[in-house]
Every structure is written in structure tokens, then in C-alpha cells.
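For reference, the structure is listed below as C-alpha cells.
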Amino acid sequence: MRKQTVSLCVTYTLALLVALAGSMKATGLRHGFNSNSSRIFNIISFGAVGNGIEDDSQALVSAWRAACAVPRATLLVPSDFQFLVSPVTLQGPCNSKLVLQIEGTILAALTTRNSLKSNIFQWLNFKWLNSFTIQGSGIVNGQWSQFRNLSLIHQNSTIPPAALRPTVVRFYSSYNILVRDIQIVDSPQCHLKFDSCRWIRVKNVTIFSPEVTPNTDGIHLQNTRDVEIRKSNIGCGDDCISIQTGCSNIHIKNINCNPGHGISIGGLGRGDSLACVSNVLVDSVNVQNALSGVRIKTWQGGIGTVKNITFTNIKVSNVKTPIMIDQFYCDQSSCHNKTDAVSISDITYQGITGTYSYEPIRFACSDSVPCTGLNLINVHLIPVNWWQYKREAFCWKSYGAAWGPVEPLSAGCLERSNNRLIKILTKPHNYTC
Ligand SMILES: *[C@@H]1O[C@H](CO)[C@@H](O)[C@H](O)[C@H]1NC(C)=O
Ligand SMILES: *[C@@H]1O[C@H](CO)[C@@H](O)[C@H](O)[C@H]1NC(C)=O
Ligand SMILES: *[C@@H]1O[C@H](CO)[C@@H](O)[C@H](O)[C@H]1NC(C)=O
Ligand SMILES: *[C@@H]1O[C@H](CO)[C@@H](O)[C@H](O)[C@H]1NC(C)=O
Ligand SMILES: *[C@@H]1O[C@H](CO)[C@@H](O)[C@H](O)[C@H]1NC(C)=O
Ligand SMILES: *[C@@H]1O[C@H](CO)[C@@H](O)[C@H](O)[C@H]1NC(C)=O
């Protein structure tokens with residue numbers, strides 16, 4: 001504590017001196033206190049070693065506290081170093097426009113070598129921030145193999161296995177966040193998660209984990225609105241981008257997903273819960289070597305709505321099922337059917353082309369709450385191998401229409417929308433999304 005106060009004091013004194021010097025030679029208003037160097041907080045100056053062996057968590061937290069207090073500050077993680085960091089929470093509120101500039105590598109460390117005192121659900125946990133940026137050409141490495149070893153050690157303990165595999169970078173209750181250019185690799189869980197956030201931009205990031213790593217979503221959104229994710233490369237063992245309940249106004253553009261499970265909305269409505277997702281635009285996405293291309297999955301028994309979702313210009317290659325709606329989602333061998341279901345409406349698939357390895361299109365909608373307003377426009381899907389058996393599209397309780405050239409022709413299995421019929425089929429709910 002004392003050390004921090006001292007270094008903070010030194011920093012301020014320095015800032016003051018620099019400001020004074022600056023203002024003496026200032027010729028215009030732009031000089032003076034605006035000198036940049038006083039706003040750069042290098043983690044090395046706060047005692048970080050950066051050899052990848054010693055734990056630099058305390059230095060990171062100290063540098064964060066100092067930078068957080070100053071407007072337009074930059075917390076610098078310099079290149080050519082590896083900073084080993086234990087799970088930390090870096091929280092606001094901070095002064096405006098804080099930047100975390102990652103040029104070196106941040107490596108995940110276990111809290112203690114042999115024992116785990118509490119659950120770790122996230123590793124770099126950012127919360128209560130406003131107008132904050134993470135940028136730089138550096139790497140955030142989740143070291144998943146280390147956590148896999150940890151779960152082996154703890155296999156007989158009461159700690160739930162998920163608690164041993166943290167999300168690498170998580171934002172909670174934060175606004176005006178930009179994450180750009182960095183790489184996030186080898187996560188034990190989700191790589192980049194936004195929970196209860198608003199006004200989020202992700203740009204030019206690279207996310208990579210081996211295909212075999214379970215539950216390693218690339219980017220995971222929950223209860224988050226007004227999001228733009230662009231120009232990024234994502235490869236992992238689970239969903240490339242996963243959109244959960246409470247998300248709206250989500251724009252995803254120019255993304256490569258390879259390998260993984262593609263772009264997913266859901267699973268929604270688990271445990272009879274309420275789910276609301278609306279206004280999602282997924283544009284210009286390449287999905288390769290994946291379980292699905294674009295899919296929506298909901299559990300039986302949930303309530304709520306998924307509506308106004310557009311998937312456009314999606315190129316798939318060697319994808320098991322490129323287009324999928326599954327209202328019978330279940331992670332066990334079988335789940336009971338229920339009368340409630342999250343309703344799915346106004347879903348447009350436009351310009352979906354490429355190759356599938358199992359089936360082209362699967363719409364499995366609820367008996368009591370059918371899918372409505374499904375539009376297939378210019379869809380062209382063929383088997384990945386020419387000698388392979390061409391499958392038909394599968395439709396169950398799915399209302400909508402196919403437009404323009406559509407291959408397979410069986411995509412015409414959609415039933416014609418008939419509003420009167422659907423009103424009878426769909427029972428009213430007394431909830432609001
Ligand atoms: C301060 O930062 C701005 C923007 O990054 C840059 O254009 C300017 O040259 C910097 N000034 C100094 C003195 O380094
Ligand atoms: C995890 O365990 C394997 C096998 O016991 C070992 O080879 C590997 O080095 C361990 N990884 C870490 C990061 O401790
Ligand atoms: C966990 O329990 C099983 C069965 O009791 C035992 O064989 C195994 O060695 C235990 N694992 C650890 C890491 O203690
Ligand atoms: C994207 O990020 C990389 C670093 O990871 C950087 O070298 C490159 O300039 C960035 N591209 C753009 C367009 O900003
Ligand atoms: C549907 O979603 C798109 C994309 O987010 C949005 O621009 C549009 O306004 C929405 N339409 C309606 C009727 O809400
Ligand atoms: C649930 O309903 C679907 C569609 O009617 C049916 O195919 C499936 O067999 C049912 N599942 C169970 C477990 O009853």
C-alpha cells in the first residue's frame with residue numbers, strides 16, 4: 001500500500017514538473033499539461049519483471065490504479081517482455097479515455113501453484129469502466145493446458161470444473177469500450193466476454209485456440225447492446241461469436257471463423273428462463289471447418305423472443321450444418337418437450353454459399369411456437385465432396401419463403417406464412433422482452 005502511494009506521489013510530482021517545464025516553453029495552448037509522457041504508465045516502472053516466471057500481478061494493479069486516476073492515460077505493457085499475471089480485477093470508474101496498450105505478452109498464471117482458494121471464473125476482469133480502450137500488437141495468452149492440469153488436480157474437490165477454467169478477458173457493466181488489434185490465445189474458456197455492457201467495439205483482433213479445447217467461445221455477448229465486431233480472425237473449440245439473452249443491436253462484419261462452431265445465437269431459455277435477442281446483423285463472414293455456420297438454438301420450456309436477425313453474405317466451407325435453427329436444444333441425450341418455447345421470427349438468410357459436410361439446412365422449430373418469417377434468399381449449398389450424398393433441407397414447423405435461386409431446392413420445405421394460422425398456433429405470453 002505504502003509503496004503504491006509513494007510511486008503515485010512520484011508520478012504526480014513528475015507530471016507536475018513536466019507540466020511546468022512544458023508551460024514555460026509553451027507557444028500555444030496545445031502544449032503544457034498535455035505533454036504525453038506524463039500520461040504513460042509503464043508496468044515496468046511499477047515493479048514488473050516481465051520474465052514470464054515472476055508474478056507481475058501486483059505491478060499491473062498498481063500501474064492500473066495510477067493510470068486510472070489520470071485523464072487520457074495509457075497503461076503500457078511493453079514489447080519484448082512476458083508478464084505473468086494471476087487472476088485480477090481491474091476496475092473503474094477511471095478518469096476519461098484510459099488506454100491499455102499491450103505490446104508485450106500477458107501470460108495467465110494460477111493464483112497459487114498448488115492450491116486454489118476460490119473459484120476463478122475470469123482471469124482479466126474489467127469492470128465499471130467508461131470510455132476505455134485495449135489496443136496494441138501484443139498477446140494475451142490464457143495458457144489453457146495449465147488450467148487443464150489444474151482441473152486434473154482438483155477432479156475430486158467440490159470446486160465446479162467450470163470455475164477452474166476462467167474466461168480470459170471479461171468486461172462487466174462497462175460502456176464505450178474498444179478492443180482492437182490484440183491477440184487473445186489459448187483460453188481455458190471463453191476468450192473475450194462482454195456481460196451487461198453497452199456501446200462496444202471490437203476491431204482487428206485475433207483469437208485462437210485449438211479445435212479440441214472445450215467451451216472456448218471466441219467472443220461471447222450477454223445482456224449487452226449496441227455492439228460492433230469487425231475485421232477479426234477467430235478460431236476456437238466452440239462458438240466463434242456467441243450471442244446470449246439480453247443482446248440487441250449487434251453488428252458483426254468481416255469475420256473469419258476457422259475452426260469452431262460458427263456464429264451462434266443461444267442456447268436460450270434454459271431452465272424455463274426468459275430470453276430476448278433482437279436486431280442482429282451478421283454480414284460478410286467466412287466460416288470454415290465448423291460444426292455450424294449460422295445457428296439459433298433454444299431450449300424447450302423457455303419464453304421470450306428472437307427476432308429481426310439477418311445473416312447476409314456468409315461463405316461456408318466444410319461446415320457440418322451451415323444453416324440451423326434448433327428449438328429442441330439439449331446437452332444431454334434427451335430433454336422433455338414442453339409447451340413453452342422462445343419464439344423465433346423474422347430471420348433472413350441472404351447470400352449463403354459454400355459447402356457442407358453433413359446437411360445444408362436444418363429448421364427444427366417448436367410444435368407449440370413455430371418459427372415464422374424465415375426468408376431464404378440466394379442460398380447455394382453443396383456437399384463438400386462431389387461423391388457425397390446430397391441431403392435435403394429439413395423443415396419442421398417452419399414458416400416462411402425461399403426467394404431467388406436456392407440450392408438445395410428442398411429449402412422450399414418452408415411452409416407458407418399464414419398469419420391467421422400462426423396466431424392460432426402461437427399461444428400468447430404475458431411477458432415483455
Ligand atoms: C502526443 O500524442 C499525440 C497523439 O498520439 C501525437 O500526435 C504527438 O506527437 C505527441 N506529442 C509528443 C510531444 O510526443
Ligand atoms: C500439464 O501436464 C502435462 C502432463 O502431465 C505436462 O507435460 C505439462 O507441462 C503441464 N503443463 C503445464 C502448463 O503445467
Ligand atoms: C480421485 O478419486 C479417484 C477415485 O476415488 C482416485 O482414483 C483418484 O486418484 C483421485 N484423484 C486425485 C487427483 O486425487
Ligand atoms: C491489426 O492489428 C495488427 C496487430 O495485431 C497491426 O499490425 C495492424 O496494423 C492492424 N491493422 C489495422 C488496419 O489497424
Ligand atoms: C432490424 O435490425 C437491424 C440491424 O440491427 C436494424 O437496423 C433495423 O432497424 C431493425 N428493424 C426493426 C424493424 O427493428
Ligand atoms: C419433441 O418433439 C419433436 C417434434 O414434435 C419430436 O420429434 C421429438 O421426438 C420430441 N421429443 C421427445 C423427447 O418427446
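Order of appearance sets the numbers: ligands from 1, and atoms from 1 within every ligand. Because the structure is predicted, anything quoted here is derived from the model rather than measured.
- Near Asn249, the atoms of ligand 5 lying under 4.0 angstrom from a non-hydrogen atom of the residue are 5 (O).
- Residue Arg180 approaches ligand 4 through these ligand atoms, each under 4.0 Å from one of its heavy atoms: 14 (O).
- In the vicinity of Asn308, heavy-atom distances shorter than 4.0 Å reach the ligand 5 atoms 1 (C), 2 (O), 3 (C), 8 (C), 10 (C), 11 (N), 12 (C), 14 (O).
- For the disulfide bond (SG atoms under 2.5 Å apart) test, no residue two or more places apart in sequence or in another chain qualifies with Cys247.
- Not a single donor-acceptor pair under 3.5 Å links the side chain of Asn385 to the backbone N or O of Trp387.
- When only modelled atom types and interatomic distance are considered, Ser284 and Asn313 share a side-chain donor-acceptor pair under 3.5 Å.
- At a 4.0 Å heavy-atom cut-off, the residues surrounding ligand 6 are Phe328, Cys335, Asn337, Asp367, Trp396, listed by chain and number.
- One N or O on the side chain of Ser410 and one on the backbone of Ala393 form a donor-acceptor pair closer than 3.5 Å.
- Side-chain atoms of Ser345 and Thr372 form no donor-acceptor pair, as typed in the model, at a separation below 3.5 Å.
- With 3.5 Å as the limit, one finds no donor-acceptor pair spanning the side chains of Asn249 and Asn279.
- Ligand 4 lies nowhere less than 4.0 angstrom from a heavy atom belonging to Lys203.
- One finds a salt bridge joining Asp239 and Arg295 here, because a Lys/Arg side-chain nitrogen approaches an Asp/Glu carboxylate oxygen to under 4.0 Å.
- No donor-acceptor pair closer than 3.5 Å links the side chain of Gln300 to the backbone N or O of His336.
- Side-chain N/O atoms of Asn308 and Asp346 include no donor and acceptor closer than 3.5 Å.
- Of all atoms in ligand 5, listed by their number and element, those nearer than 4.0 Å to a heavy atom of His251 are 4 (C), 5 (O).
- Below 3.5 Å of separation, one finds no N or O of Ser137 facing any N or O of ligand 4.
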